[in-house]
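In what follows, a structure is listed as structure tokens, so that the remarks can point back to it.
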2 protein chains.
Amino acid sequence: MGDPSIKDVARASQASIGTVSNVLNHPERVAQATQDRVFEAIRTLGYVRNDAARQLRAGKSTTLGLALPATSNPFFAAVAHGAEEVAAERDLRIVLGSTGDTGGQESRYLDLFEQLRVRGVMLSPVSYDPSRLDALRRRNTPVVLIDYVDPAMEFPAVTVDNRAGGYLAVNHLIERGARRIVFIGATGWTHQVVQRFAGAQEAAGHHPDVVLARIDLGEMTVSAGRALGHEMLANWETDSVDGIFAGNDLIALGILQAFVMSKTLRVPHDVRLVGFDDIDFAQSAIVPLTSIRQPAEEIGRAAVKTLLTKFEHPETPAKVVKFEPELIVRDSS
Amino acid sequence: MGDPSIKDVARASQASIGTVSNVLNHPERVAQATQDRVFEAIRTLGYVRNDAARQLRAGKSTTLGLALPATSNPFFAAVAHGAEEVAAERDLRIVLGSTGDTGGQESRYLDLFEQLRVRGVMLSPVSYDPSRLDALRRRNTPVVLIDYVDPAMEFPAVTVDNRAGGYLAVNHLIERGARRIVFIGATGWTHQVVQRFAGAQEAAGHHPDVVLARIDLGEMTVSAGRALGHEMLANWETDSVDGIFAGNDLIALGILQAFVMSKTLRVPHDVRLVGFDDIDFAQSAIVPLTSIRQPAEEIGRAAVKTLLTKFEHPETPAKVVKFEPELIVRDSS
DNA sequence: ATGAAAGCGCTAACAC
DNA sequence: GTGTTAGCGCTTTCAT
């Protein structure tokens, strides 16, 4: 037979099911002696509340959906960590989804969140589809965008000024003497990457003698970066590139590794390298990595807080929380 | 008003509730024309299945619980990734919990899993409590242990031979000439760490001239390692330590960083350093890190597969899948 | 091929 | 303080 239900507890403790429910949810309404009997029965039966039944009854869940491009990237892991921290304080749980750099799983997780009737959704969109989010809004599920501001300003957002970050990175590269710079992005560009490149272009635009190229990877991982690094080495023509701005730290670390292993190219002597995110491992890299820092945990915390505000004041107009990126100079540049 | 339910769909499509349900779950029983009408209504109404109601009716969920010590550690993130991969193939979803190095949240997540009526639990126990797991077994929820074999062999497990890993690490250190070795663990030792130390002791035991000490950290993170590194530097007496075996790569990377920054201690010249896990970032470390590799994603995949087997053949006796760790020699030793 | 109805476990409204 | 009951949305007999 199945799990003990509230009905079994009622029988065992000689109370009605309503009373058992009250013991659990409004103990102050129940006599002490009854409570004792009920708790005793709960213990001996090993009763545990059935969350599905509760939720069905309540009509809404106590879960938040969080969809991020790549949870294995320490940057996003930190965002999730910050979010969990705040959520836990309110006894909210988080269902975390990894949508993939290319967003292939994005729609799948949104489906899941809808089926789960999550109380709110936090999404770092890869393939931004407003109609998808409209559906959420029609069911009154608050949505917060992470690292994307929708042009119509319909949804609140928590972002970092990626464009400014891109500017900082390339401007720094130029100040350090780089003139032939390449930006490493990814095909199926996420909005973030587009913005970083835009900032990079702006910085390069101020200097007529600077050339800014770009290369797209299939995914923004260490191994993709490493593969690219080896490829660049194989085709290296002296002076072809003297500055690299990697779309994220994983790529930067991969490239760095390839260069250092080969021993033919020194960083920063031959090529200057800047990453993005400033993950923890950037500073313990083989050549400590110059990077653009984003406050990962804070972003996660702010996203949950925005949701909490929406719960309490549904009519709050969409607000954008914007963090400023920071250039962290280390040895790689 | 709330979300559209199956009832609304039934009304809008002039079909009964039962028929709508059949369209969704057993389309072959329903005439094509009816199906078309139903799907049309689903679309216009924006109907989405209510997972809570489904689950209540079914009596069980389609979710797996996975509790790991620290999801921000790339090693565990990779384990989770492997698990998700296999789970997704079977349309199972995973609720991931971070129990904390000290296991403070372990019980909390087990509670959650019980309330959720998850179909199976994967647990890397920090504070192993058999009675807690017995409760799960009484409700016929399969459990797989990760990186821990319970002495009674009541639960299947997926493990790496941590003891062998510890042996490999210290044996290697000794072969490279280290004689005064220190192991860095954590208070509230997890079973894994205990085993690693046991293996370390065994290796040291073969060499009468080798001294093996140990230091415990509050948590096994990069910053805890870095703090320890600075402390060690401050109290450095020449020749006091010539080999360090860190309980995991995060600690090793932190120590490494402290040493390299100070420039007074060279790795491996003055101290040889070995980590554990072989996370991706170990090879791009400032001094590429020698480490003991564990097949993270495979562990995750094996855990889910073990659960799947239990679903299909509940009476299968508990089996232990054991992976062998591998010494990866890089520059730090 | 379709419809009617029971019931999963729970909470809240109401009656006593 | 305690008990009774309706109903959340769904799937599944069982009739028709």
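Chain A is the first sequence line, chain B the second, and so forth, proteins listed ahead of strands; every chain is numbered from 1.
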Specify the residue among B:Ala31 and A:Ile6 whose closest nucleotide of DNA chain C lies further upstream toward the 5′ end. B:Ala31

How far apart are the closest heavy atoms of A:Phe113 and A:Leu66, and which atoms are they? CZ-N, 3.5 Å

Selection from D:dG9, C:dC10, D:dG1 that lies nearest to any side-chain heavy atom of A:Leu56: D:dG9

Answer yes or no: does atom CZ of B:Arg137 have more than 12 heavy-atom neighbours from other residues, nucleotides or ligands under 6.0 Å? yes

Charged N-O contact under 4.0 Å between A:Asp111 and A:Arg132: yes

Polar atom pairs between nucleotides 3-6 of chain D and protein, under 3.5 Å, N or O only, would you list them?
from, atom 1, to, atom 2, distance (Å)
D:dG3, OP2, A:Ser16, N, 2.8
D:dG3, OP2, A:Ser16, OG, 3.3
D:dG3, OP2, A:Thr19, OG1, 3.0

Among D:dT2, D:dT12, C:dG9, the one nearest any side-chain atom of A:Asn50 is C:dG9

To the nearest Å, give me how far apart CG (B:Asp51) and P (D:dC8) are. 19 Å

Under 4.0 angstrom, heavy atoms only, what part of the nucleic acid is A:Arg29 near: base, sugar-phosphate, or nothing? base

Spacing between B:Asp8 atom CG and D:dC10 atom C1', to the nearest angstrom: 13 Å

Separation of D:dC10 atom P from B:Lys7 atom NZ, nearest Å, is 10 Å

So what does B:Ser5 hit on the nucleic acid, given a heavy-atom distance under 4.0 Å: a base, only sugar-phosphate, or nothing? sugar-phosphate

Measure the OG1-CG distance between B:Thr99 and B:Leu123 for me, rounded to the nearest 0.5 Å. 7.5 Å

Main-chain N/O of A:His26 paired to A:Asn22 side chain as donor or acceptor, under 3.5 Å: no

I'd like to know whether B:Ile299 forms a side chain to side chain contact (heavy atoms under 4.5 Å, CB included) with B:Val160, so could you lay out the CA-CA distance, the side-chain angles of the two residues, the decisive distance to 0.1 Å, and finally the verdict. CA-CA 8 Å; B:Ile299 291 171; B:Val160 168; 3.5 Å; yes

Between C:dC10 (P) and A:Leu24 (CG): distance, integer Å: 9 Å

Rounded to whole angstrom units, what separation is found between the CZ atom of A:Arg49 and the P atom of C:dC8? 20 Å

Any donor and acceptor pair, going by atom type alone, linking the side chain of A:Lys310 with main-chain N or O of A:Thr316 inside 3.5 Å? yes

In whole angstroms, how far is the C1' atom of C:dA12 from the CD atom of A:Glu28? 14 Å

With a cut-off of less than 4.0 Å, is there a side-chain N or O of B:His26 near OP1 or OP2 of D:dT12? yes

Between B:Thr306 and B:Thr309, do the side chains contain a donor N or O and an acceptor N or O under 3.5 Å apart? no

Rounded to the nearest Å, what distance is computed from the CD atom of residue B:Gln115 to the P atom of nucleotide C:dG9? 16 Å

Under a 4.0 Å heavy-atom cutoff, the residues of residues 58-65 of chain A touching DNA chain D are none

With A:Tyr148, which residues qualify under ring pair (Phe, Tyr, Trp, His ring centres under 6.0 Å), at least two apart? A:Tyr128, A:His191

Once you round it to whole Å, what is the distance between P of C:dC8 and CZ of B:Arg54? 19 Å

